Amino acid sequence: MAFYSVNRRLVAGLALTGFMLAAAGCQSSDNGILDFGFGKKDPTAPPPPQDPKILASQLRAYCPKVTLREGTAYFNTYAKGATAKPRKKKGDAAAEAEAAAAAAQTGPNGQPIDPNRDPSKIIYQASVTDVTRDCTHANGQMSMKIAVAGKVVPGPLFAPGTVTMPIRIAVQRGGEVLYSQLHPYQVQVTDPSAATQFVFVDSNVVVPEPTARDYQAYAGYDENTPAASADKSKGKRKKRAPATN
């Protein structure tokens, strides 16, 4: 009976010890080996890293991308004076009807044909096939070389000669124009059976050193440049009144 009594006390002591260890484990901090991430964060832990800022070295390596605006990838040269316009005479109904019929010509799609942009009167059609750039940074400025590659294809009214293409290079920061230059680039076209390749380079693009990656470079044809205004100062001279004594 003594052995039985001692054995009961031993078992009871071991059970009490196990319970105390389990309770101590439940009251331990969340920094233990059994931390599953459900506890409170350590107030002494450092804050998470913020988004990295653009370094000066990254800005010095920055070179804006060159893109083509819509409608600036093609340029057509049309023949001039291919069709003579009928002269209008005062009271000449036939001439007026002929002029109206000429102005009302339509294309295959039923739309009116601009006599100055008639596809059947194209001499050359030029297109931009690729653009690229190179940048250097020095003295608080960024210098760019912007290259435009393209081809000139003979049109229905091809004639050997020189085609002058209005190529504009521009750099902007948002709505601010930092650089803009129109180049009347000329290409000699002599072969009516093949396209003539060309490469144009603007090496004089200089803009302020960027402080962020927010520059945009453009290259393409610009046919909307206003022509030089005519000299309006030349008018009819008024006749001087005869001098009277």
Side-chain angles (χ1 to χ4, degrees), residues 63-87 98-135 143-172 177-207 216-231:
C63 195
K65 183 180 178 181
V66 182
T67 59
L68 290 169
R69 282 194 174 105
E70 184 179 358
T72 64
Y74 296 93
F75 172 72
N76 295 330
T77 302
Y78 296 87
K80 297 180 180 179
T83 57
K85 296 181 179 180
R87 294 183 180 180
E98 186 179 354
Q105 291 181 353
T106 58
N109 56 359
Q111 297 296 324
I113 296 177
D114 184 350
N116 296 322
R117 294 182 178 274
D118 187 345
S120 65
K121 297 181 177 61
I122 293 178
I123 304 175
Y124 317 104
Q125 183 179 74
S127 62
V128 175
T129 57
D130 196 12
V131 291
T132 187
R133 83 286 189 213
D134 179 66
C135 300
S143 300
M144 300 182 66
K145 291 182 179 180
I146 297 180
V148 178
K151 60 183 179 180
V152 180
V153 179
L157 296 184
F158 168 78
T162 301
V163 54
T164 302
M165 299 175 290
I167 299 178
R168 182 174 293 278
I169 305 297
V171 179
Q172 292 186 207
V177 178
L178 305 176
Y179 177 89
S180 180
Q181 185 65 43
L182 183 67
H183 304 273
Y185 185 64
Q186 294 185 337
V187 175
Q188 189 74 20
V189 182
T190 58
D191 188 353
S193 62
T196 300
Q197 307 291 331
F198 72 88
V199 175
F200 166 77
V201 180
D202 186 348
S203 304
N204 300 315
V205 182
V206 180
V207 294
Q216 181 62 61
Y218 296 98
Y221 298 116
D222 185 0
E223 302 180 65
N224 300 320
T225 303
S229 58
D231 186 2

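Residue indices begin at 1 and follow the sequence shown. Computed from a prediction, not measured in an experiment: that's the story for all the values here.
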Enquirer: Is the closest side-chain heavy-atom distance between Phe75 and Ile167 below 4.5 Å?
Expert: no
Enquirer: Sub-3.5 Å donor-acceptor pair from the side chain of Tyr221 to the main-chain atoms of Gly71, do we have one?
Expert: no
Enquirer: Can any side-chain N or O of Thr129 pair as donor or acceptor with the backbone N or O of Ala149 at less than 3.5 Å?
Expert: yes
Enquirer: Determine whether a donor-acceptor pair (N or O, by modelled atom type, separation under 3.5 Å) exists between the side chain of Arg69 and the backbone of Tyr218.
Expert: no
Enquirer: Which pairs, with at least one residue in residues 144-155 and sequence neighbours excluded, count as a side chain to side chain donor-acceptor pair (under 3.5 Å)?
Expert: none
Enquirer: Mind checking the CG-OG1 spacing from Asn224 to Thr72? Nearest 0.5 Å is all I need.
Expert: 10.5 Å
Enquirer: Partners of Tyr179 by side chain to side chain donor-acceptor pair (under 3.5 Å), sequence neighbours excluded?
Expert: Asp202
Enquirer: For residues Ala159 and Ile123, report the shortest heavy-atom separation together with the two atoms involved.
Expert: N-CG2, 3.9 Å
Enquirer: Which atom names give the shortest non-hydrogen contact between Pro154 and Ala194, and what distance separates them?
Expert: CD-O, 3.6 Å
Enquirer: How far apart are the closest heavy atoms of Thr162 and Tyr124, and which atoms are they?
Expert: N-OH, 4.1 Å
Enquirer: Which atoms form the tightest heavy-atom contact between Val66 and Thr132, and what is the distance?
Expert: CG2-O, 4.3 Å
Enquirer: Quick check: closest heavy atoms across Ser193 and Asp191, and the distance to 0.1 Å?
Expert: OG-OD1, 2.7 Å
Enquirer: Without swapping roles, check the side chain of Arg133 against the backbone of Pro64 for a donor-acceptor pair under 3.5 Å.
Expert: yes
Enquirer: Examine distances only and state if a side-chain atom of Tyr78 and a backbone atom of Ser120 form a donor-acceptor pair shorter than 3.5 Å.
Expert: no
Enquirer: Would you check if Ile169 and Val148 make a side-chain contact, meaning some heavy-atom pair closer than 4.5 Å?
Expert: yes
Enquirer: Report the relative orientation of the aromatic rings in His183 and Phe200; use parallel for angles under 30°, tilted for 30 to 60°, perpendicular for over 60°.
Expert: tilted
Enquirer: Quick one: does any side-chain atom of Gln125 pair with a main-chain N or O of Val152 as donor and acceptor, under 3.5 Å?
Expert: no
Enquirer: Nearest 0.5 Å, what's the OG1-CG distance between Thr77 and Leu157?
Expert: 12.0 Å
